[in-house]
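Here the structure comes first, spelled out in structure tokens, and everything after it is commentary.
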Amino acid sequence: MAEQQAPITAPIRRGPLDGRAPVTADGVSLTLPAFAGKLVLRGGSDDGAFTAAAAKVLGAGLPLAPNTAARGPRGLALWLGPTEWMVHVDADTCDALAAELTAAFAGLHAAVVDVSDYYAVMRLGGPRARDVLAKGCPLDLHPDRFDVDHCAQTRFVASAILLHQVDVGPTYDIQVRWSFADFLWTYLADAMREFTSR
Amino acid sequence: MAQPLRLAAGGRVDRGRTLRFTFDGRTYTGHPGDTLASALLANGVRLLGRSYKYHRPRGLYSAGAEEPSALVTLGAGARAEPNTRATQVELFDGLVARSQNAWPALGFDVSAVIGAFSRFLPAGFYYKTFMWPKSLWMTYEKVIRDAAGPVHGPRQADPDRYEQRYAHCDVLVVGAGPAGLMAALAAGRTGARVILADDQPEAGGGLLTDPAGIGGGAGLDWVRATVAALADMPEVTVLPRTTVVGYHDYNYLGALERVTDHLPPDAGGNAPRQRLWKIRAKQVVLATGAIERPLVFADNDRPGVMLAGAARTYMNRFGVLPGREMVVFTNNDGAYATALDAASHGARVQVVDLRPDPRGPLPEAAREAGIPIHAGATVCGVAGSKAVTGVRVRALSDDGKGLAGPAKSLPCSVLAMSGGWTPTVHLFSQARGKLAFSADLGAFVPAAGDPLNPNRPAGACNGSLGLDACLREGREAGLAAAHDTGHVADHPPDLPLADSLPQEPPRLLWTLPAEKAGTAGEKTQFVDLMGDVTVADVRLAEREGYASVEHLKRYTATGMGTDQGKTSNINAMAIMADARGVTIPEVGHTTFRPNYVPVAFGAVAGRSVGDLFQQARPTAMHEWHVAQGAVFEDVGDWKRPWYFPRPGETMHDAVQRECKAVRTSVGIVDASTLGKIDIQGPDAADLLNMVYTNAWSKLGIGRCRYGVMLNEHGMIFDDGVTTRLGEHHYHMTTTTGGAARVMSWLEEWLQTEWPDMRVFCTSVTEQWAVAALNGPRSRELLAGLTDIDLDPETFPFMAMKEGTVAGIPARVYRISFTGEMAYEVNVPAGYGLALWQALMDRGAAFDICPYGTETMHVLRAEKGFIIAGQDTDGTVTPHDAAMDWIVSKKKADFIGRRSLFRADTMRPGRMQLVGLLTEDPAVVLPEGAQVAERAQAGQAFAAIGHVTSSYMSPNVGRSIALAMVADGFNRTGQTLSVPTLDGRVHRAVVGGTVFFDPEGERARG
Amino acid sequence: MLPIRCPWCGEREQTEFSYGGEAHIVRPTDSADLTDAEWGDYVFFRTNPRGLHYERWFHAFGCRRWFNMARDTVSGAIHGTYRPGEPRTDVPDAPRVPVAGGDGGEG
Amino acid sequence: MKRYSIFSLVRNALSYHENWPKAWRSPDPKPAYDVIIIGGGGHGLATAYYLAKEHGITNVAVLEKSWIGGGNTGRNTTIVRSNYLMPESLALYDHALKLWEDLSQDLNYNVMFSPRGLLHLAHNVHDMQEIGRRGHAINAAGVDSEFVTREQVKAMVPIINLDCRYPVMGGLLQKRGGVARHDAVAWGYARGADARGVDIIQNCAVTGFRMDGGRVQGVETTRGFIAAPRIGVVVAGNSGALAAMAGFRLPIETTPLQAMVSEPLKPIIDCVVMSNTIHAYISQSDKGELVIGGSSDPYNSYAQRGSFDQIEHVVGPIVELYPALSRIRLMRHWAGITDITVDRSPIMSKTPVEGLFINCGWGTGGFKATPGSGHVFAHCLALGDLTPMAAPFTMDRFHTGALIDEGAAAAVAH
Ligand SMILES: Cc1cc2nc3c(=O)[nH]c(=O)nc-3n(C[C@H](O)[C@H](O)[C@H](O)COP(=O)(O)OP(=O)(O)OC[C@H]3O[C@@H](n4cnc5c(N)ncnc54)[C@H](O)[C@@H]3O)c2cc1C
Ligand SMILES: NC(=O)c1ccc[n+]([C@@H]2O[C@H](COP(=O)([O-])OP(=O)(O)OC[C@H]3O[C@@H](n4cnc5c(N)ncnc54)[C@H](O)[C@@H]3O)[C@@H](O)[C@H]2O)c1
Ligand SMILES: Cc1cc2nc3c(=O)[nH]c(=O)nc-3n(C[C@H](O)[C@H](O)[C@H](O)COP(=O)(O)O)c2cc1C
Ligand SMILES: [Zn+2]
């Protein structure tokens, strides 16, 4: 039955925000960072075998402190919960890393789930980024409270977001579900309008 | 001069620029710095509106947020804004305002005749009448409704934008008068994060009215220096034009910033009209000041009667002399300052003081200035109706309850009165603070705060009226608040010296004797101008037993207007206390509730309206659906194609065509919205065994199984197919609407009830785009695009394989919601559109038909598959749904199991899911139609059930329906009646729920 | 809107959470032996106290963890939150007041 | 009782309203009554009124902890309708609606019942199915209800935005539905009951029950012990607390529900409009303010205050559905504490304590039931047993499983 036929052209992978032009305003801009592979790692913070296995593959320990992110040679790991991390990796190496992690977790109560397409990431940066975020995000983002490589799962108006501060700009990466991405982008762009001159 | 009452100098207005505005169509001028109220006053416009109930002429009463009288409609068309206090509107060029509640004209208002009937309209009169004849009530009511509202609202959509933002601070200071400024300065010096909000465009509070000195210089210089110091502190945010409107638990406060209201329409650029701040403060300092109290005497509502402090504000802040002939009527020293200032501007001033011998420094100064003082006397009448022309004054009896001596007439154009000051405790009280009655002030003052909402009242808000006390309390409160957030100042600000004159106590006479005795006199003594409530009304309420303060409020509507009784409540309570012969604290006060001042709905809604109201969730293939002209259905937040009409097709046509195509060739449906959960861990099967009714232990790897979830009541709440991907690895699907609920449900049980189960659940809903091929040719189609071996021997129904489809890594599930041979192709969402297009391209040869949810529903109904939420409704057990087969008899437990054995769940005769075939195959029963054993057209009947799903099925060649019917399983073969609202009664025969391919061969094929 | 301290993420606004009803209700494992009344009590009847209430919350927009909270249903005071399996929070006499400085998360 | 009428109003106007009698007395409690009703809300007062009027039992006291009508009766959005889905509820609420229709005349107190029509909007296919079922069920029972088209909705509510985020597809109209003046209902019943001899005792909180061998003997109150062999508890949000005093639990949780009013306007919305999908309920009072109700706060509370995010949750949808109201201002918002059952249906029941009856669980929707609830409950108290109309609503249903699940039809979206 395997009357196998190659597709005519290579399939195109798209994100929900593809083609969006950056939005800029005085002191703040909204852009699309490069597409990243995304893996959810599950395992216990207190399960030494798991954390060691993860650290070994990733080349750096998972961030165990709540609301923090840690960068390692293979990617960026963000704390999501006591048994859950999000790892952002180069899209091309994602499958391989997932396989390595799965292999390393053999025999452990741990899991690797590919969610690369589930979420989209947009980047909000500039001195006014905090003011824009404050229009929908209830977190206190004062630099004394939320700094570079802090992250938080929270909300922006109705959307559940994963917020990660990338630099002191401040620049934030905001991860959101595919189906909410367009809405969130539109909302953020609207929130920036105040800072545009006509 | 264009503005007859504008003073030549002084005040905070910029006389260098002239602004034009209209009121009731007439053009006037004013200056930057004016409010609409001050500008109208400067122009000598006194009559500003008509009262709510009696249409009495009304003018300006105050200079602030407490204004009960001068309500206008601002702007026009879509921007018309009714019920706007003229005192709170900053003047801009081109401002348009109209008076309210008057027709045809403010000066000649026909409804004013109502005033003549006022004696027939006491408080609560409508409860006593309009009952006969009963049939006329709706007519009466229409008249009442038309008469009641003061003004029409706009009918067009609001063109302006409103924003919101969250803010966090250590110390929020409300009010930028001397107390608030001092508090902000002190807190700011500690390095604490401070927000200072004030509802006025500039800081200063009472100092804008009272040119008292601070620190040896002018008070306003101190204000300027303080504001500048605050501006230099990076952690301090000063918000002018920002009213704190609500104080909610845990120091969560709402503040409305009027960002561009002071600018002409469209002059604000991209800034919003208003912004609602949602502030979480660790500590709050309430420096909201105090509100002056009116005195209650006959005709005290006439245009020209105003609060003494307001009169002074108009002079000192706005450079407007309220009138050249002024009578100041007071029970306290403070109002003498108004008299002195007016005299200094050349007005002829006299003072009427309730106290027999006022001797404080201010009265003495008035005496020195040659201002006549009528001590121990009261105003007992006001001359003039659309504007005050004079007042009648008589001596008071010693006890203050009667009049003595002859009446004197004092001509005047303005009567400035003061009954003392009421601390603005609204926010304190909203924050659950307890109030105590201060006999000295004659007002409720903050007594004990609530620990939930740490705050400190300071200054006049705290009952401390002297400027020195305001500064001192502000400083202490600011330092202490900052301290409680862990901040201490190295160099706290010094307490500046302030000019403060000692004052003698006021004479608190809550009602003043009238010349006419009893109700006749009391019915023009206004307590609440907004609601036209008089002393007579308050006494009537007492007489009739509406004597508790809350009944008083509701029976007379005192304090229920847009001003919420800021000037009137205390007087009403005091008069009730008098009527009842008890003290004011025994009467008590009503509950202070948000909003402190009314807030536009638009500001509360913020940007989440219109396109930003609620996300519309698209799937990865959405664009394609749109391009193909799909009609969409809202399912939860999702947009799902409902059907794909071809040109000229009705919905019916399209659905019939789609339905046929699926069963004859192949159809494709976007099933991406189904919930999907990745379940991993050694105990995963145990979890499934608990949350599903059937058994999961023996499911083979690569095999799929349908499951039903019950809540603990035993009722179906979701269903879906779960596939075993690996030894300890499952992929669960849920209904579209149930996705989030099921995910939380699993987590809830895992985390709270079975923490020892080793299972991880991860939502993967949108990771996967799903294109489901359904139809006899689906295998053929797919075969050309995949490397997966589709041989039914190795890839049978209810199995899953991984491979590529159209070159895309895919999981293909052989599951079917239509009863056809079907392959649900799951690919990472990024490839969803590519997959769909490839399937469509390839499918062209098979006449592939894209179909929507409606066709999906018809097809599944042909097979008798339920939709949880349509055929079941939260009262249906698996047994009721004819799904006994899915309930394991062997499992000792699963969620909801015990409930299946309760008396009522085992009762025979429950509603049960059956098929219904109408006698006339062309009749499609309306969904929801009720089923009867026998019914006659147009008559009520005992329903025994209802139609849950009903369609014209092109494949069965007739209409089909599913229904929940009492004792349905035992009625097979019975003919039941289904009356419809058009008056017809259809007959339908009860049968099984499967209408098509009862053996289920097609799906397995 | 309550400020709720997630035992993992720290203090967050209530809109990040969903409420899960009374805490510490153990699901009977011997349900088959229970009378209809006993079972009904478990499913439907709650203490609904005026005053101290032990209740469950779910950090829906955050770490997706369930936890318990002690709250006074009259005063509104939150006395503390704790993880499932931990003993009930001791309730001091005074309601909790936001503490000076550090109301951050654990990280 | 001196009757109210246009004539008495005119007559009293001539004497400057100085001779109006008290609408109800404020007697001191007697040591004992035949029946005590705890709770001076609409339901308690109506119960007392019908006990006296229909059953001749007049040695009755209504004990109210603060002021009558100050509970949910005085803080609700006053929507009156009977278009319920389940036959048991439909019967009960329509019984109430029929009493509403003559209530002003019966009480000789104008409760301003205004059957101006009540519209339920449908915004998606699921809503259409839901109103389809409800409309048919109601009609089957002989109660009025009609389906209206989108265009008819627009004609009834000109300021509505039919093409909002979830476009209006149609609606279900109950013409006999409407609103009434909440306070007047409490006061009218109080006056009517008082005139028939019932003692209405305010500022008298029940603090405990005195029991003997499983039988109730009377109540402890802040004004002393008061004896009665038969006692009805009608305290809405406080039902759990009273049940606890009597030693039993209820399948009820008490949660805040908020409502709000705008500044007054001339008529702009002439009927009551409800939308479940957009979460907005609105009507306009005779005084002109828009009365808007929302969804419950999600957690138990006895604090009579709710959180601001729930207010936002309601106002956003209002502006979405009625964009012209954006510039209209929100004047005041407040909360009541509602007694919510699992199946969203009330409880009228005997209790484990003999002689003690309870009427509660009306939750977010019992104002409309006030006359019916009082009427039926009075009958139960007079009889010492449940009447057929009350029988399905006992607490037993939470054991047998025979819930009357009004939330049902709106269950799950597919
Ligand atoms: C915001 C809101 C909106 C609503 N909207 C609607 C609507 O539109 N339509 C509708 O039909 N229903 C609505 N409801 C529900 C409706 O208000 C109630 O179901 C109904 O008013 C309950 O009346 P009641 O007499 O039982 O209770 P209540 O009016 O609450 O009366 C109970 C009384 O018992 C007293 N009491 C309590 N404890 C004691 C004690 N220990 N001793 C003595 N007395 C005590 C209380 O003080 C109170 O006065 C709404 C409710 C709220 C809160
Ligand atoms: N009889 C008298 O002599 C007398 C009486 C009262 C006040 N005063 C004088 O008035 C001043 C009182 O000082 P103070 O600082 O206590 O009060 P204040 O009146 O000077 O300042 C209060 C400020 O708070 C603002 N405000 C009120 N409620 C607000 C809210 N909800 N949101 C935002 N802003 C709000 C007001 O607009 C005002 O600007 C002193 O100068 C005092 O001497 C004198
Ligand atoms: C139908 C209805 C209409 C109301 N109209 C007004 C009003 O016009 N003005 C007002 O201030 N309050 C109005 N209220 C609210 C009351 O002032 C009060 O907030 C409510 O009865 C709750 O009582 P509480 O705030 O004293 O706790 C209204 C309440 C209801 C139930
Ligand atoms: Zn958390």
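Note on naming: letters A, B, ... go to the chains in the order of the sequence lines (proteins, then strands), and numbering restarts at 1 for each one.
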For Val342(D), is it the side chain, the backbone, both or neither that has a heavy atom under 4.5 Å from a heavy atom of chain B? side chain
Chain D contact via Ser949(B) - which portion, at a heavy-atom distance below 4.5 Å: neither
Considering only heavy atoms, which portion of Asn108(D) lies under 4.5 Å from any heavy atom of chain B: side chain, backbone, both, or neither? both
Shortest non-hydrogen contact from Leu321(D) to His123(D)? CD1-CE1, 4.1 Å
Side chain / backbone / both / neither for Gln202(D) at chain B, heavy atoms under 4.5 Å: side chain
Does any heavy atom of chain B fall under 4.5 Å from the side chain of Ala303(D), the backbone, both, or neither of them? side chain
Who among Ser66(D), Gly142(D), Gly401(D) has the most heavy-atom pairs with chain B under 4.5 Å? Gly401(D)
Interface moiety of Met906(B) toward chain D, non-hydrogen atoms closer than 4.5 Å: neither
Part of Phe901(B) within contact of chain D (heavy atom distance under 4.5 Å): neither
Given that the side chain runs from C-beta out, which part of Pro317(D) has a heavy atom under 4.5 Å from chain B: side chain, backbone, both or neither? both
Gap between atom OG1 of Thr980(B) and atom CG of Leu925(B) - 0.5 Å precision: 8.0 Å
So what's closer than 4.5 Å to chain B heavy atoms on Pro267(D): side chain, backbone, both or neither? both
Pick one of side chain, backbone, both or neither for Ala536(B), based on which atoms fall under 4.5 Å of a heavy atom in chain D. neither
Is chain B contacted by the side chain of His313(D), its backbone, both, or neither, given a heavy-atom distance below 4.5 Å? neither
Aromatic ring pairing Phe125(B)/Phe130(B), orientation class (parallel under 30°, perpendicular over 60°, tilted between): perpendicular
Is it the side chain or the backbone of Asp871(B) that comes within 4.5 Å of chain D heavy atoms, both, or neither? neither
Which portion of Asn203(D) sits near chain B, non-hydrogen atoms under 4.5 angstrom: neither
Between CG on residue Asn110(D) and CH2 on residue Trp137(B), distance to nearest 0.5 Å: 4.5 Å
Which of Pro323(D), Ala140(D), Ser15(D) touches chain B most, by non-hydrogen pairs under 4.5 Å: Ala140(D)
Name the option with the most non-hydrogen atom pairs under 4.5 Å to chain B; the candidates are Gly135(D), Gly316(D), Ala186(D). Gly316(D)
For Pro115(D), is it the side chain, the backbone, both or neither that has a heavy atom under 4.5 Å from a heavy atom of chain B? both
May I ask you to decide whether Lys175(D) forms a salt bridge with Glu146(D), counting only side-chain N to carboxylate O separations under 4.0 Å? yes
Could you give the side-chain donor-acceptor pairs of residues 4-13 of chain D under 3.5 Å, partners two or more places apart or in another chain?
| residue | atom | partner | partner atom | Å |
| --- | --- | --- | --- | --- |
| Tyr4(D) | OH | Arg191(D) | NE | 3.2 |
| Ser5(D) | OG | Phe7(D) | N | 3.1 |
| Ser5(D) | OG | Ser8(D) | N | 3.0 |
| Ser8(D) | OG | Arg3(D) | O | 3.4 |
| Ser8(D) | OG | Ser5(D) | N | 2.8 |
| Ser8(D) | OG | Ser5(D) | O | 3.0 |
| Asn12(D) | ND2 | Ser8(D) | O | 2.8 |

Which one of Pro21(D), Pro167(D), Gly188(D), Gly288(D) has the most heavy-atom pairs closer than 4.5 Å to chain B? Pro21(D)
Relative to chain B, which segment of Ile318(D) carries a heavy atom at a distance below 4.5 Å: side chain, backbone, both, or neither? neither
Under 4.0 Å between a Lys/Arg side-chain N and an Asp/Glu carboxylate O for Glu544(B) and Lys22(D)? no
With a 4.5 angstrom heavy-atom cut-off, which part of Asp611(B) approaches chain D: side chain, backbone, both or neither? neither
Please classify the contact of Ile68(D) with chain B as side chain, backbone, both or neither, using a heavy-atom distance under 4.5 Å. both
Using heavy-atom distances under 4.5 Å, tell me whether Gln156(B) contacts chain D through its side chain, its backbone, both, or neither. backbone
Please look at Ala80(B) and chain D and tell me whether the side chain, the backbone, both or neither of the residue comes under 4.5 angstrom of a heavy atom of that chain. backbone
Going by the rule salt bridge (Lys or Arg N to Asp or Glu O under 4.0 Å), which residues pair with Asp249(B) if we only count those two or more places apart in sequence or in a different chain? Arg432(B), Arg305(D)
Taking side chain as everything from C-beta outward and backbone as N, CA, C, O, which of these in Glu927(B) sits under 4.5 Å from a heavy atom of chain D? Side chain, backbone, both or neither. both
Which bit of Ser548(B) comes within less than 4.5 Å of chain D, counting heavy atoms only: side chain, backbone, both or neither? side chain
Under 4.0 Å between a side-chain nitrogen and a carboxylate oxygen: does that hold for Arg539(B) and Glu522(B)? yes
Give a yes/no verdict on a cation-pi contact between Arg607(B) and Tyr162(B), requiring under 6.0 Å between NZ or CZ and the six-membered ring centre and an angle within 45° of the axis. no
So for Ser26(D), is it side chain, backbone, both, or neither that comes closer than 4.5 Å to the heavy atoms of chain B? neither
Arg116(D) bridged to Glu141(B) by N-O distance under 4.0 Å: yes
So for Leu14(D), is it side chain, backbone, both, or neither that comes closer than 4.5 Å to the heavy atoms of chain B? both
Less than 4.5 Å to any heavy atom of chain D: does that hold for the side chain of His946(B), its backbone, both, or neither? side chain
Lys278(B) versus chain D, heavy atoms under 4.5 Å apart: side chain, backbone, both or neither? side chain
Value rounded to 0.5 Å, distance of OH in Tyr166(D) from CZ in Phe613(B): 7.0 Å
Out of Val111(D), Asn19(D), Asp102(D), which one racks up the most heavy-atom pairs below 4.5 Å with chain B? Asp102(D)
Residue part contacting chain D, namely of Met138(B), when any heavy atom lies under 4.5 Å: side chain
Lys/Arg-Asp/Glu bridge criterion (N-O < 4.0 Å) met for Arg134(D), Glu406(D): no
Could you tell me which of Arg79(B), Arg902(B), Arg543(B) has the largest number of non-hydrogen atom pairs under 4.5 Å with chain D? Arg543(B)
Centres of the Tyr109(D) and Trp187(D) rings: under 6.0 Å? no
Before accepting this row, confirm whether a basic side-chain N of the pair Glu550(B)/Arg554(B) lies closer than 4.0 Å to the acidic partner's carboxylate O. yes
Salt-bridge test for Asp537(B) and Lys523(B): reply yes if a basic N is under 4.0 Å from a carboxylate O, no otherwise. no
At a heavy-atom separation under 4.5 Å, does Ala141(D) approach chain B through its side chain, its backbone, both, or neither? backbone
Highest number of heavy-atom pairs under 4.5 Å with chain B among Asp286(D), Asn124(D), Ile292(D) belongs to Asp286(D)
Please check if the number of heavy atoms outside Lys266(D) that lie under 6.0 Å from its NZ is greater than 12. yes
Report which part of Gln164(B) has an atom under 4.5 Å of a heavy atom belonging to chain D: side chain, backbone, both, or neither. side chain
Kindly confirm or rule out a cation-pi arrangement of Lys128(B) over Trp20(D), judged by NZ or CZ under 6.0 Å from the six-membered ring centre and within 45° of its axis? yes
Got a salt bridge between Arg397(D) and Asp343(D), using NZ or NE/NH1/NH2 to carboxylate O under 4.0 Å? yes
